[in-house]
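Counting starts at 1 for both ligands and their atoms, following the listed order.
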Amino acid sequence: MVSITIRSLCKRFGDTVALDSVSLKIEPGEMFFLLGPSGCGKTTLLRHIAGFYTPDSGKILFDARDVTDVPAHKRNTAMMFQSYALWPHMSVAQNVAFGLEQRKADPENIERRVGEALDMVRLRKQANRKINQLSGGQQQRIALARALVVRPDCLLLDEPLSNLDARLRLDMRAEIRRICKEFGLTTVYVTHDQKEALAIADRLAILDEGKVVQAGTPRQIYRFPFSTRVASFLGEINMIRGVIENAVDNGKLWSVKTDFGQFWGRLTEKNWNPAAGERVTVCIRPEAMRLADYAGARNTISGKLSNYMYLGDTAQTVLTGAEGQEIRVTELHPTGRTPDEATELFASSSPEDTLILRR
Ligand code: ATP
């Protein structure tokens with residue numbers, strides 16, 4: 001198991017700054033995700049770790065070894081691409097064996113290791129089939145077997161599940177995590193699918209315009225985003241503009257004045273001591289809001305019901321406030337009847353679930 005340390009990595013393509021002083025430490029055996037809007041630098045960072053790109057400045061270390069200038073084939077990483085890049089005219093076993101043949105492993109060894117890799121992804125029986133005789137999910141597993149057969153120190157995955165249907169994605173993401181953990185692989189995983197990241201990442205980093213804007217566990221980032229951009233990138237969130245009044249509850253919470261009334265909430269950004277009158281955004285996840293028949297003293301939104309969608313396990317309610325702002329409320333296990341259109345409703349949040357971020 002290796003750790004990956006990235007120190008102040010910078011990369012430009014012409015005028016585009018793809019990586020802007022990126023620093024990260026990925027622990028041995030960790031499953032680490034890179035997330036962020038399109039073009040934020042995820043694939044560029046992954047390709048630097050693989051050794052396909054040389055940075056303009058900065059360093060990459062595998063444990064204490066500086067690999068910044070080590071070519072890709074000497075890093076002992078394996079990369080799996082979105083397209084799988086399998087050879088359709090070759091059999092499953094030949095595809096998996098390819099990396100070992102290139103490394104000039106002896107034939108007996110190759111046969112044994114190909115068998116083991118196919119066992120890992122539960123496809124030994126299909127060893128002699130051609131690639132085009134396999135389903136999308138099976139092809140994906142073959143691509144994974146091909147990456148694993150060379151026993152890499154780290155596995156680099158670029159949107160590995162994007163060609164699969166929703167059901168298969170769910171199965172495969174659990175399978176990938178099982179294999180990576182079983183073999184102690186340090187894994188760096190790029191995806192657009194936030195649910196995939198939240199479900200199986202040990203930690204993740206959010207990139208924006210080539211910078212790491214926040215790194216942490218899925219829970220830390222979802223519950224305590226440092227900025228409105230991170231908050232809105234990961235999941236849905238209601239945002240209400242307001243101004244700081246003062247600290248309350250011995251400084252644990254802060255009071256904010258908004259068009260909906262007063263909110264108490266907490267700051268997530270470290271070492272930030274906002275001044276009275278400072279313009280802020282109050283952020284509340286839809287599932288952290290509760291519908292109520294009456295207004296509380298604070299942390300309450302009132303509005304007219306403008307949309308209601310019953311989805312079985314949840315119901316999504318949209319309230320429109322006097323200023324026209326829409327507030328979303330997710331109700332879990334909805335058992336009541338569908339409210340009438342234009343009914344005046346209230347929704348409230350606890351101060352612990354109410355975040356105050358810089359505007
Ligand atoms: P996506 O989610 O859309 O795949 P990404 O976060 O992986 O995006 P990158 O592919 O890393 O983003 O690209 C980061 C920036 O660098 C983008 O603005 C992209 O256009 C640019 N870029 C990436 N590779 C090259 C290249 N080889 N030449 C020129 N510009 C590039």
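Of all the heavy atoms of T43, the ones lying under 4.0 Å from any atom of ligand 1 are found in both the backbone and the side chain.
With contacts defined as side-chain heavy-atom distances shorter than 4.5 Å, the pair L204/Q194 does not qualify.
Side-chain contact, E27 with S3: no donor N or O sits under 3.5 Å from an acceptor N or O. Using a 3.5 Å distance cut-off with no hydrogens or angles, the side chains of T191 and D193 do not pair a donor with an acceptor. Donor-acceptor pairing under 3.5 Å is recorded for the side chains of N299 and T354.
The protein non-hydrogen atom at the shortest distance from atom 13 (O) of ligand 1 is T44 OG1, 3.7 Å. Annotation: atom 24 (N) of ligand 1 to nearest protein heavy atom, F13 CE1, 3.5 Å. The protein heavy-atom contact nearest to atom 3 (O) of ligand 1 is S38 OG, 2.5 Å. For atom 14 (C) of ligand 1, the nearest non-hydrogen atom of the protein is G39 O, 3.4 Å. Summary of contacts: the protein heavy atom closest to atom 18 (O) of ligand 1 is T16 CG2, 3.4 Å.
Taking the six-membered ring where tryptophan is involved, the planes of Y189 and F33 are essentially parallel, since the angle between them stays under 30° and well short of 60°.
When each of R223, R266, R285 is checked for a salt bridge (Lys or Arg N to Asp or Glu O under 4.0 Å) with D353, only R223 meets the rule.
Distances from atom 28 (N) of ligand 1 to the protein include at least one heavy-atom value under 4.0 Å.
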